[in-house]
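For the single chain, residues carry numbers from 1 onward in sequence order.
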Amino acid sequence: MKTITNDEILDAVYDIANERGMRIDEFIQQLQEDYAELPMKYAEGDLPEEVLAELESAKELRKEMRDSKRKSDEDAKLREDIAAFRELFPEVKPEEIPEEVWAEVSEGMDLRHAYALYMLTGQKSGGHAEEVNREAAFRSAAAASDGSTEPSFTPEQVEKMSAKDVAKNYKSVLQSMKGWR
């Protein structure tokens, strides 16, 4: 039996909702309402109360297990994100991370990209930003001296980049920052 990915599941749900002329949120709500009515339909068929109670209990347990798994997956992703952030920005203490960065993280951007974007857009001021820039330049100096040519970006181009684009071009963005002064 083939394992179905989350993307395949999401595509199937979108397709079914579209076929029924519904938005995805309407379709999900309809599914939940239909599923909630199942024990009532069984009750109409004169099932014993113990069986109905067991069905309801099983339904609640499945919901708790899904919620628990979702929470554990989110926690694992957060731990990985924090480890990657510490690797890139070892000198930054958690209390130094500004609210704007946390707002981006709450919107789905990972911490290291949100912080890097925050720094690249010039929102971080003071000597600390210069220190981080010098450190980044030092780290990328070896790569720059190998004769390879990397694209150069303007601050405006970086501001318009998505988190994926910043991650993909991270070294080039850092290299470009040296010329922004």
Side-chain angles (χ1 to χ4, degrees), residues 2-15 17 23-25 27-28 62-181:
K2 179 187 174 208
T3 302
I4 299 174
T5 66
N6 287 342
D7 288 336
E8 291 171 326
I9 293 168
L10 187 59
D11 288 343
V13 171
Y14 272 108
D15 290 345
R23 293 189 328 257
I24 190 70
D25 59 327
F27 179 66
I28 297 293
R62 281 192 306 274
K63 182 181 181 325
E64 288 173 18
M65 287 175 57
R66 276 193 314 270
D67 291 346
S68 176
K69 172 134 177 46
R70 190 175 299 126
K71 176 74 171 134
S72 119
D73 290 349
E74 288 171 1
D75 289 347
K77 183 186 178 301
L78 181 60
R79 283 191 299 276
E80 290 172 9
D81 193 22
I82 289 170
F85 179 82
R86 285 182 179 158
E87 189 175 312
L88 283 174
F89 302 102
E91 72 287 346
V92 177
K93 294 174 178 52
E95 60 271 7
E96 294 174 345
I97 300 172
E99 287 300 316
E100 299 93 289
V101 172
W102 292 118
E104 292 292 333
V105 170
S106 70
E107 294 292 322
M109 186 181 289
D110 70 47
L111 181 58
R112 64 186 167 196
H113 293 117
Y115 189 78
L117 185 60
Y118 171 79
M119 292 185 60
L120 290 172
T121 56
Q123 295 171 343
K124 180 120 175 101
S125 61
H128 184 69
E130 289 300 318
E131 180 183 328
V132 171
N133 287 340
R134 280 193 300 276
E135 177 69 17
F138 175 76
R139 287 182 184 178
S140 64
S145 66
D146 67 2
S148 65
T149 58
E150 294 193 24
S152 180
F153 298 104
T154 65
E156 294 79 22
Q157 289 172 320
V158 173
E159 285 180 33
K160 293 177 183 175
M161 285 183 182
S162 68
K164 266 187 181 175
D165 291 335
V166 171
K168 179 179 168 188
N169 299 299
Y170 189 71
K171 286 182 182 179
S172 298
V173 170
L174 289 177
Q175 188 67 24
S176 300
M177 284 175 52
K178 288 192 265 183
W180 293 357
R181 294 184 185 104

By ring pair (Phe, Tyr, Trp, His ring centres under 6.0 Å), which residues pair with F85, not counting sequence neighbours?
-> F89, Y115

Would you name the heavy atoms of S176 and S152 that are closest together and state the gap between them?
-> OG-CA, 3.3 Å

Are the charged groups of K71 and D67 less than 4.0 angstrom apart, N to O?
-> no

Mind checking whether M109 and L117 have side chains closer than 4.5 Å, heavy atoms only?
-> yes

Does a side-chain N-to-carboxylate-O contact under 4.0 Å join K77 and D73?
-> no

Would you say the side chains of K178 and Q175 form a donor-acceptor pair under 3.5 Å?
-> yes

How long is the gap from OG1 on T5 to CG on L10, to the nearest 0.5 Å?
-> 9.5 Å

Got a sec, which pairs hit salt bridge (Lys or Arg N to Asp or Glu O under 4.0 Å) with one end in residues 101-120, sequence neighbours left out?
-> D110-R112

When rounded to the nearest 0.5 Å, the distance separating CE of M65 from OG of S72 is 11.5 Å

Note, K69 side chain near R66 side chain (heavy atom, < 4.5 Å) | no

Side-chain heavy-atom pair M161, V173 within 4.5 angstrom cut-off | yes

Output for pair (E99 CD, Y118 OH), nearest 0.5 Å, gives 10.5 Å

Contact summary for V105 and A114, nearest pair of heavy atoms = CG2-CB, 4.1 Å

For I9, look at atom CD1 and say whether over 12 heavy atoms of other residues, nucleotides or ligands are found less than 6.0 Å away.
-> yes

When rounded to the nearest 0.5 Å, the distance separating CZ of R79 from CD of E74 is 11.5 Å

Here the gap from E8 atom CD to T3 atom OG1, rounded to the nearest 0.5 Å, amounts to 9.5 Å

Rounded to the nearest 0.5 Å, how far does CG of L88 lie from CG of L111?
-> 10.0 Å

Heavy atoms of A167 and H113 approach each other most closely as CB-NE2, 2.7 Å

Does some side-chain heavy atom of V101 sit less than 4.5 Å from a side-chain heavy atom of P98?
-> yes

Here the pair of heavy atoms bringing E96 nearest to E91 is OE1-O, 3.8 Å

